[in-house]
Novice: 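This structure is in structure tokens; I'll ask about it shortly.
Small disclaimer: the values here were computed from a predicted structure and weren't measured.
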Amino acid sequence: MGIALYDNSTDLSGKTNFIMPPVQEGLLGWGHLGGSIEKSLRNLARYQPAFTVVGNPEVHGNYLRFKGGQDFLRTSIFQRRNHTLFCIARSNDTFATDEHKPMFMGTFSGQNVEAPGFVSHGLSLFVNNNDPGAPMGKLTAQAGVFNPAAPSTSTPLSVNVVKDMSKFSIMSVTCSNTTITVKDWITGIMATNPFPAATIPALSNRAFAVGSPANETQSLKGYNDVAAFVIYEGVLTEVQQSLTTARLHSYCNNMGIPLS
């Protein structure tokens, strides 16, 4: 017999999936979006601050529609050296130009916290164009890296998998001290890129944004729909990642969000 924990003080109006995250260690942000802006701003990670809204995201029953640089969410979560990020998202934009490439979440871009005189590309998850074009796109994870012994503007190091971006799926990014990895948990496809020798993640001084670059004047301003997102400090183990995605999958089932 198992024990299911609910937070009865949190009114999710129908979002009745278990909201006690299966992995608590390192949890900084857990957002279930949709229904209303008020409900979407609640951070389900214990003792962590709520999110704030910029502009007027389009509210749907189980997701918010964002426009990069215009309508999105801000968090109070600043980039750490290592992260594991999850999101349930899609985009029906064209990906043809930077105005139509969506950024699902990230800290792109700001000043390097450890070398303030230089720019950091931060850490982000976005969509790049891919031949023959939408709805296929390159789901791309990117980390800015730099050599602390010879600091300069960070080098954007990216890795991607090609997939149909018009359908909701569960996606993740892991950033360690030496690699960045992107994974589509519905297909199981993943890719990893090692950092160049002597480089480490360059921490952006901008907090994570959802649905837009953290610096809204930057490129990547496409439309995108986000149903949920999760931010962990540290690289979760494979077991922990599987537990988290199973919880997100169950949430989608309960909320009628088709995954593909």
Novice: Heavy atoms, side chains only, cut-off 4.5 Å: are Asn82 and Asn177 in contact?
Specialist: yes
Novice: Let me confirm one number: the CZ-CG distance from Arg65 to Asn92, rounded to the nearest 0.5 Å.
Specialist: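 Rounded to the nearest 0.5 Å, the CZ-CG separation comes out at 6.5 Å.
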Novice: Do Lys101's NZ or CZ and the ring of Phe95 fall within the cation-pi criteria of under 6.0 Å and 45°?
Specialist: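 No, Lys101 and Phe95 do not form such a contact.
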Novice: Does the side chain of Lys163 come under 3.5 Å of the side chain of Ser169 through a donor N or O and an acceptor N or O?
Specialist: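 Indeed, the side chains of Lys163 and Ser169 share at least one donor-acceptor pair under 3.5 Å.
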Novice: How far apart are the closest heavy atoms of Asn112 and Ala202, and which atoms are they?
Specialist: ND2-CB, 3.6 Å
Novice: How far does CG of Leu85 sit from CG of Leu236, to the nearest 0.5 angstrom?
Specialist: 10.5 Å
Novice: Looking at Glu25, I want to see if its CD is surrounded by more than 12 non-hydrogen atoms of other residues, nucleotides or ligands under 6.0 Å.
Specialist: no
Novice: With rounding to the nearest 0.5 angstrom, report the OG to NE2 distance, Ser40 to His60.
Specialist: 11.0 Å
Novice: Side-chain polar contacts of residues 70-78 - donor-acceptor pairs under 3.5 angstrom, sequence neighbours left out - could you list them?
Specialist:
unit_1 : atom_1 : unit_2 : atom_2 : d
Asp71  : OD1    : Asn56  : N      : 2.7
Arg74  : NH1    : Ala214 : O      : 3.1
Arg74  : NH2    : Glu216 : OE1    : 2.7
Arg74  : NH2    : Glu216 : OE2    : 3.3
Thr75  : OG1    : Ile77  : N      : 3.1
Thr75  : OG1    : Phe208 : O      : 2.8

Novice: Return yes when atom CZ of Arg81 has more than 12 non-hydrogen atoms of other residues, nucleotides or ligands closer than 6.0 Å, and no otherwise.
Specialist: yes
Novice: Using the rule that Ile, Leu, Val, Met, Phe, Trp and Tyr join whenever any side-chain heavy atoms are under 4.5 Å apart, tell me whether Leu243 and Leu259 fall into a single cluster.
Specialist: no
Novice: Mind checking whether Leu27 and Tyr251 sit in one hydrophobic cluster, side chains of I, L, V, M, F, W, Y counted as touching below 4.5 Å?
Specialist: yes
Novice: For Thr237 and Val23, run side-chain contact (heavy atoms from CB on, under 4.5 Å): C-alpha distance rounded to whole Å, both residues' side-chain angles, the deciding distance at 0.1 Å, then the answer.
Specialist: CA-CA 10 Å; Thr237 66; Val23 180; over 6 Å; no
Novice: Just so I know, are the side chains of Ile200 and Phe146 near enough to count as touching, which here means a heavy-atom distance under 4.5 Å?
Specialist: yes
Novice: Report the residue from Val182, Asn160, Leu125, Val161 that forms a side-chain contact (heavy atoms from CB on, under 4.5 Å) with Thr140.
Specialist: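 Between Thr140 and the candidates, side-chain contact (heavy atoms from CB on, under 4.5 Å) is satisfied uniquely by Asn160.
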Novice: Between Thr244 and Gln240, is there a donor-acceptor pair closer than 3.5 Å when you use the side chain of the first and the backbone of the second?
Specialist: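 Judged by distance alone, yes, a pair lies under 3.5 Å.
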Novice: Could you walk me through whether Phe126 and Ser91 satisfy the side-chain contact (heavy atoms from CB on, under 4.5 Å) test, starting with their C-alpha distance in whole Å, then the side-chain angles of each, then the deciding distance to 0.1 Å, before giving a yes or no?
Specialist: CA-CA 10 Å; Phe126 59 96; Ser91 176; over 6 Å; no
Novice: Do the non-hydrogen side-chain atoms of Ser154 and Val145 ever get within less than 4.5 Å of each other?
Specialist: no
Novice: Considering only heavy atoms from C-beta outward, does the side chain of His121 approach that of Thr153 to under 4.5 Å?
Specialist: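 A side-chain contact exists here, since the closest heavy-atom pair is under 4.5 Å.
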Novice: Atom NE2 of His32 and atom CG of Leu248: how far apart are they, to the nearest 0.5 Å?
Specialist: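 Result: 6.5 Å between the selected atoms.
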Novice: Does Leu64 reach the side chain of Val226, with side-chain heavy atoms less than 4.5 Å apart?
Specialist: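 No, too far: nothing below the 4.5 Å cut-off.
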Novice: Quick one, Ile88 and Cys252 - any side-chain contact, counting heavy atoms below 4.5 Å?
Specialist: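 Of all side-chain heavy-atom pairs linking Cys252 with Ile88, at least one is under 4.5 Å.
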Novice: If hydrophobic clusters are built from ILVMFWY residues whose side chains come within less than 4.5 Å, do Phe168 and Val230 share one?
Specialist: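 Yes.
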Novice: If you take all heavy atoms of Gly69 and Ser212, which pair is closest and at what distance?
Specialist: N-OG, 2.7 Å
Novice: Take Asp93 and Asn224 through the side chain to side chain donor-acceptor pair (under 3.5 Å) test and state the conclusion after the steps.
Specialist: CA-CA 7 Å; Asp93 217 321; Asn224 60 102; over 6 Å; no
Novice: Which is it for Met103 and Phe66 under the side-chain contact (heavy atoms from CB on, under 4.5 Å) test, yes or no, and what are the steps along the way?
Specialist: CA-CA 9 Å; Met103 178 165 284; Phe66 299 115; over 6 Å; no
Novice: Could you check whether any side-chain heavy atom of Met171 comes within less than 4.5 Å of a side-chain heavy atom of Cys87, counting everything from C-beta outward?
Specialist: yes
Novice: Can you see which heavy atom on Ser219 is nearest to which on Pro213, and at what distance?
Specialist: O-CG, 3.0 Å
Novice: If every non-hydrogen atom of Pro196 is compared with every non-hydrogen atom of Leu157, which pair is closest and at what distance?
Specialist: CD-CD2, 4.1 Å
Novice: So, for Val53 and Pro57, which heavy atoms are closest and what is the spacing to 0.1 Å?
Specialist: CG2-CD, 3.4 Å
Novice: Membership question, hydrophobic clusters at under 4.5 Å side-chain separation (ILVMFWY): are Val235 and Phe195 in the same one?
Specialist: no
Novice: Is it the case that the side chain of Gln111 and the backbone of Pro116 share a donor-acceptor pair, with hydrogens and angles ignored and the cut-off at 3.5 Å?
Specialist: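 Yes, Gln111 side chain to Pro116 backbone: donor-acceptor pair under 3.5 Å.
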Novice: Once you round to the nearest 0.5 Å, how far does CZ of Arg206 lie from CD of Gln218?
Specialist: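 Nearest 0.5 Å value for the CZ-CD distance: 8.0 Å.
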Novice: Is Phe108 reachable from Val127 through a run of hydrophobic residues whose side-chain heavy atoms are each under 4.5 Å from the next?
Specialist: no
Novice: Might you work through the side-chain contact (heavy atoms from CB on, under 4.5 Å) test for Tyr232 and Gln241, ending with a clear yes or no?
Specialist: CA-CA 10 Å; Tyr232 279 98; Gln241 291 183 49; over 6 Å; no
Novice: So which atom in Pro151 and which in Ala149 form the shortest heavy-atom distance, rounded to 0.1 Å?
Specialist: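 Minimum heavy-atom separation between Pro151 and Ala149: CD-C, 3.7 Å.
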Novice: Once you measure the plane-to-plane angle for Phe229 and Phe51, does it fall in the parallel (<30°), tilted (30-60°) or perpendicular (>60°) bin?
Specialist: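 Geometry flag for Phe51 against Phe229: tilted rings.
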Novice: Using modelled atom types and a 3.5 Å cut-off, is there a donor and acceptor pairing between side-chain atoms of Lys39 and backbone atoms of Gly34?
Specialist: no
Novice: Say you draw a straight line from CG of Asn193 to CD1 of Ile180; how long is it, rounded to the nearest 0.5 Å?
Specialist: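 Between atom CG of Asn193 and atom CD1 of Ile180 there are 8.0 Å.
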Novice: State, with a plain yes or no, whether a side-chain heavy atom of Met255 is found less than 4.5 Å away from one of Tyr63.
Specialist: no
Novice: Does the Asn43 side chain pair with the main chain of Trp30, one donor and one acceptor, at a distance under 3.5 Å?
Specialist: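 Judged by distance alone, yes, a pair lies under 3.5 Å.
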